[in-house]
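Report on the structure given below.
Below, chain A is the first sequence line, B the second, and so on; all start at residue 1.
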Amino acid sequence: MIAFATPIGEEEPYRRYTEPGIVRAAEPDSAMYPYAGVGSITRSCNIVLDAAAARDDLEALVLLHPHTELADRSFCARVREAFRDPAVAVAGAAGGAGFPSIAWWEGTVSAAPGVQRYRAHDGGELPAFGWADPRAPLGEVDAVDGALMVLSAWAVRTIRFDESLRVGHGYDIDYCRQVRAAGRKVVTADLRAIFHRELEIVEDIDLWIEGHQQVAEKWELDDGDEAAWKARARRAEAEREAARALAHGRGLAADARLLELERRMDAATGTLSWRLTAPLRQANQLRGRAAARLRRRRVQVNP
Amino acid sequence: MERRPLIAFGVAITKADVYRRCAEPGIRRAAEADSAIYELESAGSLFRNYNLLLEHAAARDDLEALVLVHQDTEIVEPGFCEVARDALADPLVGVAGCVGAIGVRSIAWWEGSVSLASFMHRYDEYGGGDLPAFTWSWKDPPPYARIGEVDTLDGFLMVLSPWAVRTIRFDESLGALHGYDFDYCLQVRAAGRKVVTADLRAIHHHSLDLVSEPETWIEAHTRIAEKWEGRLPGVGSAPGTWKQRARRAEAERDAARLAERARRLDTDARIRVLERALEETTESISWRITAPLRRRRLGPPREAP
């Protein structure tokens, strides 16, 4: 059977997003592990893994972030498809290959179709992981994003999240590296979901930087001499400042694009004809509201 | 009769149309009757071009200052020469400019504390627009805005004293374009002279693409850090071992790139809202039935595009 688990930090998003998604995707015999989060995310995940590992009939464990809502009734069939190759130990909705750090989006990215639903700017939807520029076909990657990870029974019983990585960033990348170091594969698969995420991607960038360094320290052999580290530091410091300058320039371009649209909007709604026809639009809105009320009443009478 | 000292203007030209549109009108506006104007057709790197301009100016006995402007810099300060004279009145001042910063460690001078920015960034993209910097107008300046000594200047407008023109050269070994201004200011300071800001207002006609060639920019950053490390406090240095610096910088570099992606995501969301609103407006019945009214207006139509 395929089990589902979420380490729950806040109950409200679990109730609102994860639980209905699991109900939609689960099979009649699926086990669910909605465990309350304890301490770090890695500790919470390991508790779930211990519980799932005890089941003899475990086929796979779906680990969901509390803001991830599974959107597909055929999810389990897609999971089985992803794990048809017995060497596959982890599958995810999005991931990257050929990147050196926890920033998987800096590599060659692949992602399943899905949406990111946000509340900012009156709410809306964007393609999930569109910000990571997914261009590669789904398939083998170096690591997947932790918002939706499916672990094989082998992975659940063999590999643990590294609890020494305490800041909550990079634990997913580290897990995938452990899996690959053990000779198994990590893949992206057609695992569709709605990711209820705001637009900032990472809430606390300083913690993310800390996680970046922790994972780098763990995985990178310290075989460089002082001259090599110096050259690397010089290069990275220059790249960092170039990245900030480029980001600033692109921010200016984004502001200019928004300003242009606002100007066009002002030009459209500032015309005399637009102002003259305002009563027509108000009447139209009233008509629309009245029609909606009527529809609701009909539904109440004839449910 | 002894000749009055003069302020000369120099510009290296790679695009004549840009020069005619931007720098030339500004120089004409700022120049005095006896000012010399050096219009140099580009002969190589910006470092090389500026050194050629320095050679021209250095030969003049009556030189009071040399104003170096980019071809896309338009001086708008009406009393420019007087402000430049005031800035150079202290004989220890080697170079002055309208944008400067303190606490600068690299060619990314904007990572320091920018103390004066008397310019406007004018761009052509997206219908064009202006981005006035914080001391373009002194109506509501931030508390840190001030005129005075700085570590470095932005090179789109630099005023060089005769001493600087005759003594300091742009270091042509550093590259072709980036970092010439920072290195020049460091040389001036290393020689015991001052770098200062002055209210020399200008418009920088520039695209919104601030680093058009990141790889050459990175190379210049590295070369200049190597050249100056240990020679002036702070330049090219940072806390920690080289390994710690590398780790930290790599993480911060990736964080900057991530923040840029998040910013793009936010912009996409905001653009969607505006585009939807614009579409609803221009697709509405009232918009369509009043189209003839808008067409009858004199002059260019005010239709929303």
For Asp140(B), does the CG atom sit with more than 12 other heavy atoms under 6.0 Å from it, leaving out its own atoms? no

Val109(A) vs Phe129(A) side-chain heavy atoms within contact, under 4.5 Å: no

Spell out, as yes or no, whether a donor-acceptor pair under 3.5 Å connects the side chain of Tyr50(B) to the backbone of Phe170(B). no

Derivation and outcome, side-chain hydrogen bond (donor to acceptor under 3.5 Å, both in side chains), residues Ser207(B) and Asp209(B): CA-CA 5 Å; Ser207(B) 84; Asp209(B) 187 4; 5.1 Å; no

Please assess Glu241(A) against His221(B) for the test side-chain hydrogen bond (donor to acceptor under 3.5 Å, both in side chains), listing each intermediate value before the final yes or no. CA-CA 9 Å; Glu241(A) 279 148 32; His221(B) 185 291; 2.4 Å; yes

May I ask you to name which of Ala227(A), Ala216(A), Ala243(A), Gly124(A) has the most heavy-atom pairs under 4.5 Å with chain B? Ala216(A)

Short side-chain to backbone donor-acceptor contact, Glu260(A) and Asp255(A), under 3.5 Å: no

What part of Val273(B) lies closer than 4.5 angstrom to a heavy atom of chain A: side chain, backbone, both or neither? side chain

Less than 6.0 Å separating the ring centroids of Tyr144(B) and Phe134(B)? yes

Hey, which of Leu265(B), Leu274(B), Asp268(B) has the most heavy atom pairs under 4.5 Å with chain A? Leu265(B)

Residue Arg264(B) versus chain A: region with a heavy atom under 4.5 Å: side chain

Pairs of heavy atoms under 4.5 Å with chain A: top-ranked of Thr241(B), Ile271(B), Thr222(B), Ile107(B): Ile271(B)

Answer key: most heavy-atom pairs under 4.5 Å with chain A among Glu125(B), Glu219(B), Arg270(B) is Arg270(B)

Where on Ala238(B) is there a heavy atom nearer than 4.5 Å to chain A: the side chain, the backbone, both, or neither? side chain

Does any backbone or side-chain atom of Trp131(A) lie under 4.5 Å from a heavy atom of chain B? Answer side chain, backbone, both or neither. both

For Ile209(A), is it the side chain, the backbone, both or neither that has a heavy atom under 4.5 Å from a heavy atom of chain B? both

Region of Glu111(B) that comes under 4.5 Å of a non-hydrogen atom in chain A: side chain

More than 12 non-hydrogen atoms from neighbouring residues, nucleotides or ligands closer than 6.0 Å to NZ on Lys15(B), yes or no? no

A quick test of your reading: do over 12 heavy atoms of other residues, nucleotides or ligands sit less than 6.0 Å from CZ of Arg166(A)? no

Return the OH to CG distance between Tyr184(B) and Leu174(B), rounded to the nearest 0.5 Å. 14.0 Å

Quick one: do Glu217(A) and Lys243(B) make a salt bridge, cutoff under 4.0 Å? yes

Is the count of non-hydrogen atoms from other residues, nucleotides or ligands lying under 6.0 Å from Arg119(A) atom CZ greater than 12? no

Would you please test Arg257(A) and Glu275(B) for salt bridge (Lys or Arg N to Asp or Glu O under 4.0 Å) and show each step? CA-CA 11 Å; Arg257(A) 169 93 176 105; Glu275(B) 283 180 342; 2.8 Å; yes

So that I can tick it off, tell me whether Glu220(A) and Arg177(A) are bridged by a salt bridge, with the cut-off set at under 4.0 angstrom between side-chain N and carboxylate O. no

Please rank Glu226(A), His121(A), Glu106(A), Glu125(A) by heavy-atom pairs under 4.5 Å with chain B and give me the top one. His121(A)

Test: Arg276(B) and Glu279(B) ion pair at under 4.0 Å: no

So if I take each residue of residues 224-233 of chain B and look for any heavy atom under 4.5 Å from a heavy atom in chain A, which residues do I end up with? Ala225(B), Glu226(B), Glu229(B)

Chain B contact via Ala103(A) - side chain, backbone, both or neither, heavy atoms under 4.5 Å: side chain

Cationic N near anionic O, under 4.0 Å, Arg232(A) to Glu250(B): yes

Relative to chain A, which segment of Arg261(B) carries a heavy atom at a distance below 4.5 Å: side chain, backbone, both, or neither? both

Check each atom of Arg272(B) against the heavy atoms of chain A and say whether the ones under 4.5 Å are side chain, backbone, both or neither. side chain

Counting heavy-atom pairs under 4.5 angstrom with chain A, the leader among Ala277(B), Gly236(B), Ala255(B) is Ala255(B)

Top residue by heavy-atom pair count (under 4.5 Å) with chain B, among Arg244(A), Lys230(A), His248(A), His212(A)? Lys230(A)

Check whether the side chains of Glu210(A) and His169(A) place a donor and an acceptor atom closer than 3.5 Å, and report yes or no. no

Any residues in residues 114-124 of chain B near chain A, with a heavy-atom distance under 4.5 Å, and which are they? His121(B), Tyr123(B)

Part of Leu131(B) within contact of chain A (heavy atom distance under 4.5 Å): side chain

Given a strict heavy-atom distance threshold of 4.5 Å, which part of Pro279(A) is in contact with chain B: side chain, backbone, both, or neither? neither

Arg105(B) side chain to Ser237(B) backbone, donor-acceptor under 3.5 Å: yes

Cut-off 4.5 Å, heavy atoms of chain A, and the answer for Arg248(B) is both

Under 3.5 Å, is there a donor-acceptor pair linking the side chains of Asp133(A) and Trp105(A)? no

